[in-house]
Amino acid sequence: MRNEEVIALLYTLADVLEIRGDEELFKILAYRRAARSLEDLAEDVEQVRREGRLRRVPGVGEAIAEKIEEFLSTGRLEYLERITDGFPRGLLEMLRIPGLGPKKVQALWRELRITTVDELREACEKHRVSHLKGFGERTEEKILAGIKLVREASGRRLIAEAWEVAEQVVAHLREHPAVARVAAAGSFRRMKETVGDLDFLVLSSRPADAAKAFTAMPLVQEVVASGDTKSTVLFQGGLQADLRVLEARSWGSGLQYFTGSKDHNIHLRTIAAAKGLKLSEYGVFRGDEPIAGDTEEGVYAALGLPYIEPELREDAGEIQAAQEGKLPHLVRLEDVKGDFHAHTRLTDGVNTLEEMAAAAEARGYAYLGLSEHSPSLAVARGIDADTARIRKKEIAGFNRRSKGIQLLFGTECDILKDGSLDYPDDVLKEFDYAVVSVHSHFQLPLQEQTERVLAAVAHPSANVLAHPTAVKFGERKPIDVDLEKVFEECAQRGTAVEINSGGNRMDLNGAQARLARGRGCVLATDTDAHSTAELGTMPFAVGLARRAWLEAKDVINTWDYERVKAFFR
DNA sequence: GCCGTTTTCGGCCCGACTGTTTTCAGTCG
């Protein structure tokens, strides 16, 4: 997969052109739009190119397609080399500093010959920067603070991590007397697997008090900006958050606007303009007259559209589907009847069988699959066939006693390097079901890795392919595997494909899971829980399923116990 | 550079906050 390289290339092109300042802005925006679009592409860009489908990617036209072609085939881009001739790469790093945009970076470069972040810091400390036109003493201070910030901040983080902060903030604001309504918007509300910052909205008749309640929270490390309707803070730990204060008549349009995505909103505004309307966070207007804004449903209705669920708002076909009345009825958390991927103390979990069963029952589940590791995964104390048989009896005993939840006797069986499974076939047949996973040899080349996984999912005992890319956020890159081929084989063989919300995985992501469904697969939303608490990450797995346009029928965790058993058999 | 129920040319989403300015440019989302 070279998607990341191509995305970085396009962003670099845009940044360089913007600092150089000799191209018109829309050209630069076009590169960024194409880059964002590729970020949401589930497929391997090289394969898309091989099949001549580059120009079908939204925002990729003739010129960008040609540049991607050249870069993929030669590893270089002549155009980039030409425009970066004599262009200091350090300027790109300077652009990351909050408050510094292309114009200021350009001025620093042209006027003061500053080409690196270190040179910039030194110039600020010597107060050489404040003399420049458009700069001042406050700017110098902000740049110095910004340099520190960039060095500390770590960019996007997993939604599970942001979730804890968001819940605290929402609870805090909800209790405040000046606040009538609270919502968290942004990519958080869209349930994107990672979020860059948090966006909070409040309805208040006393905006200043509401803003103060936000900026004065103990969690706040620094107030970056604070105005009448908008404040920005930095939480301890480096997560940035915005608060917007809305009026009741703009609650729906504000929620819609700040939920995004950017490209979804741009598309909506285009539709509004075509109807002679104007859409902003304050409402939908015909001339100066507001015709919608108090509810999100009303905003969409004013544009002639049904309500679109936040998880779909990526400008990935959902607006067209809405226009045609073809939006999916997304799977909901309440539809989930169980989990197929969980561990107990028998291997590397922390809770007992009974504790896990009780926690699952408390979540309202009808069943819970216990899938312990197989022998090869020694670090997780994978169990041999004899120990598995003891577990089988424990589960049978539990199920006889239980008046409610039923346990399934599963295994998370390692896929070995050659694609064979970690138990002999006759042992595999003793389990109710098998989840199969890659836990080793992450570096195999594309073809070998693909053949390995294809062999595993084709095994008659394989029921669920767990965390198919093996990615771990901030820790491990995805394995090189042809997901389309794997999905096609899974569909053919009746092997479900997993969306795993455990640890720092979030694997598959939304776009990949959508591709899986498109190839005819059914999916499983699993937590890979190693404790009772971790069963609670199910909302993130379901969130990804919703981002993948999945309906309840597509997700085996929503099926009843008998149907699941029959599917596994 | 992209794209099409206004268009193959001429548009391209819209507004808040900051700091430096005396009316606004730059930055950000």
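Below, chains carry the letters A, B, ... as their sequence lines are ordered, and counting in each starts from 1.
- Contacts of A/L17 with the nucleic acid, taken as non-hydrogen atoms under 4.0 Å apart, are absent.
- Using a 4.0 Å cut-off between charged side-chain N and carboxylate O, A/E296 and A/R313 make a salt bridge.
- Here A/L268 lies out of heavy-atom contact (under 4.0 Å) with every strand.
- Between B/dC12, B/dT27, B/dC2, one nucleotide has an atom nearer to the side chain of A/F26 than all others, and that is B/dC12.
- Considering only the side chain of A/A274, B/dT6 comes nearest among B/dG15, B/dT20, B/dT6.
- Side chain to side chain, A/Q256 and A/N265 meet the donor-acceptor criterion of an N or O pair below 3.5 Å.
- Among the heavy atoms of the strands lying under 4.0 Å from A/S226 are primed sugar atoms or P, OP1, OP2 only; no base atom is included.
- Residue A/E140 is classed as having no contact, given no heavy-atom separation below 4.0 Å to the nucleic acid.
- Considering only side-chain atoms of A/K278, the nucleotide from B/dC2, B/dG29, B/dG15 that sits closest is B/dG15.
- As rounded to the nearest Å, B/dT23 and B/dC28 have P atoms that lie 25 Å from one another.
- In this structure, A/R33 reaches neither bases nor backbone, as no heavy-atom distance under 4.0 Å exists between it and the strands shown.
- Remark: B/dT8 base-pairs with no nucleotide in the shown strands. Criterion, Watson-Crick or G-U wobble with two distances under 3.5 Å.
- B/dT5 sits 24 Å from B/dG1 when the C1' atoms are compared, rounded to a whole Å.
- Distances shorter than 4.0 Å separate none of the side-chain N or O atoms of A/K103 from OP1 or OP2 on B/dT20.
- The side chain of A/Y282 contributes an N or O atom lying less than 4.0 Å from OP1 or OP2 of B/dA16.
- Under the 4.5 Å side-chain criterion, counting only non-hydrogen atoms from C-beta, A/M217 is not in contact with A/V233.
- Comparing the same atom, C1', in B/dC9 and in B/dC14 gives a spacing of 24 Å after rounding to whole Å.
- Where A/G101 and A/I28 each meet DNA chain B at their nearest nucleotide, the meeting point lying more 5' is that of A/I28.
- A distance of about 22 Å separates the C1' atoms of B/dT22 and B/dG15, rounded to the whole Å.
- Note: A/F188 and A/W163 have tilted aromatic rings, judged against thresholds of 30 and 60 degrees for the angle between ring planes.
- The phosphate of B/dT5 has neither OP1 nor OP2 within less than 4.0 Å of any side-chain N or O from A/Q323.
- Using a 5.5 Å limit on the distance between ring centres and a 30° limit on the angle between planes, the aromatic ring of A/F135 does not count as stacked on the six-membered base ring of B/dT20.
- The separation of B/dG29 from B/dC13, taken at their C1' atoms, amounts to 12 Å, rounded to a whole angstrom.
- Contact check on A/D15 versus A/R96 returns a salt bridge, with a Lys/Arg side-chain nitrogen under 4.0 Å from an Asp/Glu carboxylate oxygen.
- If you check every strand for non-hydrogen atoms under 4.0 Å, A/Y31 touches sugar and phosphate atoms only.
- A/Q106 places a side-chain N or O within donor-acceptor distance of the main-chain N or O of A/R20, the cut-off being under 3.5 Å.
- Here the P atom of nucleotide B/dA25 and the CG atom of A/L132 are 18 Å apart, to the nearest Å.
- Here the separation of B/dG26 from B/dT21, taken at their P atoms, is 12 Å to the nearest Å.
- Using a 4.0 Å heavy-atom criterion, one finds that A/K275 contacts no nucleic acid atom at all.
- Taking atom C1' in both B/dC3 and B/dT8, the straight-line distance is 9 Å, to the nearest Å.
- Side-chain N/O atoms of A/T270 include none lying less than 4.0 angstrom from OP1 or OP2 on B/dC12.
- Residue A/N265 contributes atom CG, which lies 11 Å from atom C1' of B/dG29 at whole-angstrom precision.
- Nearest to the side chain of A/K104, among B/dT27, B/dT20, B/dC13, sits B/dT27.
- For the residue pair A/E119 / A/T115, a side-chain donor-acceptor distance below 3.5 Å is found, with atom types taken as modelled.
- Taking atom CD on A/E18 and atom P on B/dT27, their separation rounds to 8 Å, with Å as the unit.
- Among the protein residues, A/E141 comes within range of no part of the nucleic acid, since none of its heavy atoms lies under 4.0 Å from any strand.
- Residue contacts shown for A/L29 are absent, as no nucleic acid heavy atom lies under 4.0 Å away.
- We find that CZ of A/F285 is positioned 18 Å from P of B/dC13, with the value rounded to whole Å.
- The CG-C1' distance, from A/L38 to B/dC2, rounds to 14 Å in whole Å.
- Here the separation of B/dT20 from B/dG10, taken at their C1' atoms, is 35 Å to the nearest Å.
- For A/T229, whose side chain is taken as the heavy atoms from C-beta onward, the closest listed nucleotide among B/dT27, B/dG15, B/dC17 is B/dC17.
- Below the 3.5 angstrom threshold, one finds no donor paired with an acceptor across the side chain of A/Y257 and the base of B/dG15.
- For the pair A/E281 CD and B/dA16 C1', the interatomic distance rounds to 8 Å; values are reported in whole Å.
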Residues A/T139, A/K142; criterion side-chain contact (heavy atoms from CB on, under 4.5 Å); working and verdict: CA-CA 5 Å; A/T139 316; A/K142 274 191 80 165; 5.6 Å; no
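- With distances taken from any side-chain atom of A/I64 to the nucleotides B/dG1, B/dG15, B/dC13, the minimum falls on B/dG1.
- Within the nucleic acid shown, A/E62 comes within 4.0 Å of sugar-phosphate atoms alone, with no base atom in reach, counting heavy atoms only.
- The side chain of A/R269 contributes no N or O atom lying less than 4.0 Å from OP1 or OP2 of B/dC14.
- Within the structure, every side-chain polar atom (N or O) of A/K230 is placed at least 4.0 Å from both OP1 and OP2 of B/dC28.
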